[in-house]
Every structure is written in C-alpha cells, then in structure tokens.
Amino acid sequence: MLSIGEVAKKVEVSIGAIRFYERKGLLKPAARSEQNNRLYSEDDLNWLVFIKCLRETGMSVEDIKKYYDQVNEGTSTLKQRTQLIEDQKQKLLNDIEEKKAQLVHLDNKLERYYRGENY
C-alpha cells in the first residue's frame with residue numbers, strides 16, 4: 001500500500017488533485033492506516049494514471065465520472081465505455097490536426113520574418 005504522497009509523486013499529480021478525485025467520486029475512498037492516513041493500492045495508482053491521461057486529453061471530470069461508474073457496473077456497459085473513449089480519441093485527433101495547422105501558420109510567419117518582411 002502506498003501513501004497519498006507516494007502516489008502523488010508517482011503519478012505526478014498533487015495531493016489535492018487526488019483528494020479532489022475522491023470527493024468527485026472518480027476514485028474509491030482510500031483505505032486508511034491505523035493513523036488514519038490514506039493508503040492506495042497498485043490498482044488505485046493505475047486508475048489515477050488513467051484519470052490523468054483522460055484529463056490531459058481534455059475529458060471533463062463529469063465524463064470521467066460517467067466512465068468510472070460504467071466500469072463499476074461491469075461488462076454490460078462495455079459498448080458505452082468504448083464509445084466514450086472513441087469519442088475522446090476523436091476529439092484528441094481533431095485537436096492534434098488543429099495544432100498542426102497552427103504550427104504551419106507560425107512557421108509561415110517565421111519564414112516571412114527570416115526574409116526580412118515586417119508583417
């Protein structure tokens with residue numbers, strides 16, 4: 001079992017973020033030590049890594065909660081979970097294409113500056 005500080009360090013999130021995820025129901029309440037400190041399993045750690053990944057792709061806390069609830073319902077929700085992840089994947093791919101287009105604009109601007117143009 002890992003302390004909240006150890007988990008925060010391994011996942012590279014703040015202790016406050018872990019507590020927030022617990023309050024929002026994205027993470028089951030932690031086990032407690034005799035000193036009442038939070039303790040986390042490797043499964044908890046792996047789930048937090050996935051939460052971080054989903055958040056970094058722009059998925060909302062509400063959608064992560066929906067996904068988490070569906071996971072806990074079992075295999076009957078596999079189709080809905082798959083669709084939620086597919087939708088997020090498509091959003092991420094769209095974001096990547098948008099960023100690529102923005103990069104082209106920046107490169108074009110730099111090219112003009114390198115040629116001595118002022119605009």
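- Of the possible polar contacts, one joining the N46 side chain to the E42 backbone as a donor-acceptor pair under 3.5 Å is found.
- In this structure, K24 contributes its side chain and K65 its backbone to no donor-acceptor pair below 3.5 Å.
- Here CD of E34 is found 10.5 Å from CG of L39. Values are rounded to the nearest 0.5 Å.
- To the nearest 0.5 Å, the span separating CD on E117 from NZ on K109 amounts to 8.5 Å.
- Salt-bridge check for E22 with R38: passed, with a basic side-chain N closer than 4.0 Å to an acidic carboxylate O.
- Linking ILVMFWY side-chain heavy atoms closer than 4.5 Å, directly or via other members, places M1 and I15 in two distinct hydrophobic clusters.
- Atoms CZ and CG, on F50 and L45 in that order, are 14.5 Å from each other to the nearest 0.5 Å.
- Hydrophobic clustering (side-chain heavy atoms under 4.5 Å, transitive across Ile, Leu, Val, Met, Phe, Trp, Tyr) keeps L92 apart from V49.
- Among residues two or more places apart in sequence or in another chain, the salt bridge (Lys or Arg N to Asp or Glu O under 4.0 Å) test is passed with R23 by none.
- Aromatic ring orientation, Y67 versus W47: parallel (interplanar angle below 30°, classes split at 30° and 60°).
- With S60 contributing its side chain and D63 its backbone, the two residues share a donor-acceptor pair below 3.5 Å.
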Verdict with supporting geometry, Q80 and Q83, side chain to side chain contact (heavy atoms under 4.5 Å, CB included): CA-CA 5 Å; Q80 295 93 328; Q83 188 61 55; 5.7 Å; no

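- Expressed to the nearest 0.5 Å, how far CD1 of I18 lies from CG of L48 amounts to 5.5 Å.
- A salt bridge is absent between K91 and D87: the closest approach of a Lys/Arg side-chain nitrogen to an acidic carboxylate oxygen does not fall below 4.0 angstrom.
- At least one donor-acceptor pair closer than 3.5 Å links the side chain of Q88 to the backbone N or O of T57.
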After noting the C-alpha distance and the side-chain angles of Y40 and L27, does the key distance pass the side chain to side chain contact (heavy atoms under 4.5 Å, CB included) rule? CA-CA 10 Å; Y40 297 91; L27 183 64; 3.9 Å; yes

Verdict with supporting geometry, D44 and V7, side chain to side chain contact (heavy atoms under 4.5 Å, CB included): CA-CA 9 Å; D44 296 328; V7 170; over 6 Å; no

For a salt bridge (Lys or Arg N to Asp or Glu O under 4.0 Å) check, start with the C-alpha distance between K89 and E86, then their side-chain angles and the critical distance, and finish with the verdict. CA-CA 5 Å; K89 178 182 174 182; E86 286 285 345; 5.0 Å; no

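- Contacts classified as side-chain hydrogen bond (donor to acceptor under 3.5 Å, both in side chains) and involving residues 5-15 (residues at least two apart or in different chains) are given here: S3-E6.
- Taking NZ of K52 as the reference point, atom CG of L54 lies at 12.5 Å (rounded to 0.5 Å).
- Put simply, the side chain of L26 reaches to within 4.5 Å of the side chain of V61, judged on heavy atoms.
- In this structure, the separation between CD1 on I64 and CG on L84 is 9.0 Å, given to the nearest 0.5 Å.
- Applying the side-chain hydrogen bond (donor to acceptor under 3.5 Å, both in side chains) rule to T82 yields no partners; only residues at least two apart in sequence or on another chain are considered.
- Counted by atom type alone, Q90 and N94 present one or more donor-acceptor pairs between their side chains at under 3.5 Å.
- By the criterion of side-chain heavy atoms lying less than 4.5 angstrom apart, applied directly or through intervening Ile, Leu, Val, Met, Phe, Trp or Tyr residues, I85 is not grouped with L78; the two fall into different hydrophobic clusters.
- Nearest approach of R81 to T75, heavy atoms of both residues: NH2-CA, 3.7 Å.
- The closest side-chain heavy-atom distance from Q102 to K99 is below 4.5 Å.
- The minimum heavy-atom distance linking G25 with Y68 is given by the pair O-CD2, 3.1 Å.
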For N37 and R32, run side chain to side chain contact (heavy atoms under 4.5 Å, CB included): C-alpha distance rounded to whole Å, both residues' side-chain angles, the deciding distance at 0.1 Å, then the answer. CA-CA 5 Å; N37 294 321; R32 297 288 182 150; over 6 Å; no

